[in-house]
K.L.:
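Sharing a structure below in structure tokens format, with a few things to ask.
Numbers restart at 1 for each chain; the letters A, B, ... are given by sequence-line order, proteins then strands. Computed over heavy atoms, backbone and side chain alike; hydrogens, waters and symmetry mates excluded. Source: prediction; values computed, not measured.
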Amino acid sequence: MDTLFGDQYDAKDEKSNLFADIILPVPIPKMFTYKVPRNLSEEIGIGYRVIVQFGKKKVLTGIIGKVHQKPPSNYEAKPIMDLLDSYATVNPIQIRFWAWMAEYYCCHIGEVMNAALPSGLKLSSESKIQLNPTFDADTCSYPLDDREEILLQALGQKEEMSYEDCESVLGLKSIHVIIKSLVIKEAILVFEQVKEKYSPKVEARVRLANAYAADKKLLEALFNEISVKPKQEEILLKYLQEVPVYKKPELNQKGIEKKVLTDAGLSTSSLKTLVKNGILEEYKLIVSRFEREEGSDEEISLSSEQNEALIQIKQEFEEKNTVLLHGITGSGKTELYITLIKEVLAGGSQVLLLLPEIALTTHMVGRLRKVFGSKMGVYHSKYSDNERVEVWNGVLSGKLSFVVGVRSSIFLPFDSLGMIIVDEEHESSFKQFDPAPRFQARDAAIMLSWLHQAKTLLGSATPSFESYYNARMKKYGYVALDKRFGEAQLPAYYLADMLVDKKKNLLKLDFTRMLREKIQEALNNQEQVLIFQNRRGYAPYISCEDCGWIPECEHCDVSLTYHQFGEEMRCHYCGFKEKVPNTCPACGSNKLSAVGLGTERIEESLALLFPEARIARMDLDTTRSKYGYQRLLEDFGSGNVDILVGTQMITKGLDFDKVTVVGIMDADRILYFPDFRAGERAFQQITQVAGRAGRRDKKGSVIIQTRKPDQAIFEQIISGDYKQFYIQEMGDRQRFYYPPFVKIIKITTRHKDFKTAEKAAKYLHNLMGEIPVKKILLGPEKGLIGKIKNQYIFESIAKLDRSSNAQAQFKHELQHILEELQAQKEFRTVRFVVDVDPY
DNA sequence: AGCACGCCGACT
DNA sequence: GTCGGCGTGCTC
């Protein structure tokens, strides 16, 4: 962090040359020093966007990290090409936050920048090609080949072309050589065009020319004149109907949307004529992409329990920065949030509410919008980039003081956060896995709060063990809300033994008798049913009934997933697909059958078991479109669906009175996941789905299908005894050194050659062993999936003491070790990935 | 990460 | 002979 906050430069000292260390969106572990041109030296500052030449070809958007006067010693710094704005896009708190994240999650600050800035704020540079005006093909001393001729001809017709245009003209994918040759022959010019990707939304509007609006007599005269042209008259009448200029001339200034007139079926050519004759005038207005609604200052009335909780939360915040709100489903956390948010906003601070992705599309956002109106921004992954830039700018300009968003919204340019609320704090989707930075948004939010001297409220019905542990250790405050709001009752649980049913031949298409009867009962009473299975698709794999052969991916160490659509088998990891063979390639048998249960298959089974019921499915495949999720929710809410089968998506945001039965198809699948967190997750998932059953007057039923009904965890889920479950599970965590007692860092080693990957992983492991920090090292082991996309995978796990010193030292040494290894020829092409708190 | 430069196999 | 495969090195 030190490197970022060195001495400030003295702007008055004009004689000295200024240099800027710039954060660039590239995965290289340092900033780059550029020269600040004289004319920019007064305007530039930390957090400003600039464009710079990087390497030979690339032009990149960078963020100024530091300004100083120390010229680089071993190279000549290139100049900054341009300053993009007259203000800082990123504030100093954010830069500190980025630096913290890069350090804590072992990645490069450029990678953090990449994740943080919406791509609309990163300029794209595109190479454009133009005909050289001084070039004459006839006098050219070099011969041109056919392809070059074609390209030149195409260029003659257009002013400029991009590389892609050239590729499509020639139908070739690599045109570099041709371009290069033409440049040498001085036939074309290549130049960089930098353009801003973000474009504001513009509304075309029309209004009456000012003369007519100001003078009623003139307007009357106009009508007399125009009555012989009925189409134009119609337009004017429509306009006056929408904008009563007679009564309120000042309204004319804003006019109306052009669309209003054209959508009304009025003649567009007459409209054009009116404009041409100076009667109407057109103008453009930059508008927001978000609907603006005024917030109503509706009083939220809290129940006595909620009020009590609110008082407790505030008390806890007196001495602690983070409070865990443990509130069971349906206890009315939302009302509490709203009350708190209102208070913080009234105090002049900003608020961020983090929600898991799936919860964001639900009615919660609509509810908040009603209360907070236009000062609330929504930051969602399904929003377009332009929309994200608008939220960013809204926060930057102060227009938005409250944002509801997914994990990446922690990067928005808040400058005075008063509170961050993380709802459904236990949700694993707050952790980013794939591209670096591999951050946990809940944890990062706590850090961000600290940087702002703000408070963090974590809310959950089933807290993560980390948070609960911190609460018990008095590091966090703890407030429980354990009564359901209104008269809603807790559901009744039933354990259905699949093995017993199977023996008695009562298991039909994977449904136990218990579950089938409960569903039937609900259908008879016109009530709704939810079926939960956390696996999409039809079936996980296909197997030969005679020899047990299972089709596997050619590039990865996984079985191929069977998709009913197109009779295909697909690889989940690399996208490889293959037709289902007619006979087993191993033994020739034709008894190939699908094994296992996906939502698609359950939907099919339900249709067979309950032919009269209306069945719908909700999973990634049916909700991919922007409104797919909402449509399904509405369908279900309005009672057009009797049975909804889905993945964990159905655990969020379904608040419907008519759900009385919830079925969990295969609890064992959740429970026997090979991971120390399996129990914790099972408790969370089952409790969350179960929470959907039975609202208001009627007690709901939850049917858990399992092959081992006598496990302690079921008892604890049924009694809702989170604490008991926690205490028991924590025994194991402590005995076997698992979080939250230790911190885990996972290091993945990947290479296309098995031997090299193994050797690198072992080397790494030995070197890590020498780090003088108290630790436990596991591995290196072949990954859970040994090969992905033809890359062999090894994993090492380091378990460290919870003290941040030990972690920091270990990470620091680890970076050195990795650099050292990558410097060796043998391991140059090996990829190492560090994942901190991987989960 | 991209992207250039540079050195070896399979094709018009 | 060339196209184009990807190993290696660099980016202020």
K.L.:
Rounded to whole angstroms, how far apart are CG on A/L24 and C1' on B/dA1?
P.N.:
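In whole Å, B/dA1 C1' lies 12 Å from A/L24 CG.
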K.L.:
Which residues satisfy the salt bridge (Lys or Arg N to Asp or Glu O under 4.0 Å) test with A/E819, sequence neighbours excluded?
P.N.:
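A/E819 satisfies salt bridge (Lys or Arg N to Asp or Glu O under 4.0 Å) with no other residue.
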K.L.:
Between A/I80 (CD1) and C/dC12 (P), how many Å, whole number?
P.N.:
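From A/I80 CD1 to C/dC12 P: 13 Å.
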K.L.:
Residues in side chain to side chain contact (heavy atoms under 4.5 Å, CB included) with A/K752, at least two apart?
P.N.:
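In terms of side chain to side chain contact (heavy atoms under 4.5 Å, CB included), with neighbours along the sequence ignored, A/K752 is linked to A/Q791.
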K.L.:
Rounded to the Å, how far apart are A/L60 CG and C/dC12 C1'?
P.N.:
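For the pair A/L60 CG and C/dC12 C1', the rounded distance is 12 Å.
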K.L.:
When we call it a touch if two heavy atoms are under 4.0 Å apart, what does A/Y34 touch: a base, just sugar-phosphate, or nothing?
P.N.:
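A/Y34: backbone/sugar contact only, no base atoms under 4.0 Å.
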K.L.:
So, using side-chain hydrogen bond (donor to acceptor under 3.5 Å, both in side chains) as the criterion, who are the partners of A/D415 when residues are at least two apart?
P.N.:
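Here the qualifying residues are A/Q350.
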K.L.:
Can you check the A/F54 CZ to B/dA1 C1' distance for me, whole Å?
P.N.:
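Going from CZ in A/F54 over to C1' in B/dA1 covers 9 Å.
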K.L.:
Between atom NZ in A/K78 and atom P in C/dC12, what is the gap in whole Å?
P.N.:
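Rounding to the nearest Å, NZ of A/K78 and P of C/dC12 are 4 Å apart.
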K.L.:
Taking only residues two or more places apart in sequence or in another chain, which ones pass side chain to side chain contact (heavy atoms under 4.5 Å, CB included) with A/S428?
P.N.:
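Residues passing side chain to side chain contact (heavy atoms under 4.5 Å, CB included) with A/S428: none at all.
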K.L.:
Looking for any heavy atom pair under 4.0 Å, which part of the strands does A/P27 touch: base, sugar-phosphate only, or nothing?
P.N.:
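Touches a base.
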K.L.:
Which atoms of nucleotides 6-10 of chain C (N or O only) lie under 3.5 Å from a protein N or O atom, and what are those distances?
P.N.:
from: C/dG9; atom 1: OP2; to: A/R828; atom 2: NH1; distance (Å): 2.8

K.L.:
Quickly work out the A/K58 NZ to B/dA1 P distance and round it to whole Å.
P.N.:
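Interatomic distance, NZ of A/K58 to P of B/dA1: 11 Å.
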K.L.:
Whole angstroms only, please: what is the NE2-C1' distance between A/H108 and C/dT11?
P.N.:
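Nearest whole value for this atom pair: 14 Å.
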K.L.:
Considering every strand and a 4.0 Å limit on heavy-atom distances, what is the contact class for A/I28: base, sugar-phosphate, or nothing?
P.N.:
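If one applies the 4.0 Å heavy-atom cut-off, A/I28 turns out to touch a base.
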K.L.:
Could you pull out all residues at least two apart from A/A445 that satisfy side chain to side chain contact (heavy atoms under 4.5 Å, CB included)?
P.N.:
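Listed in chain order: A/L354, A/I410, A/I420, A/V422.
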K.L.:
Can the ring centroids of A/F32 and A/F19 be said to lie less than 6.0 angstrom from one another?
P.N.:
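Centroid distance A/F32-A/F19: not below 6.0 Å, so no.
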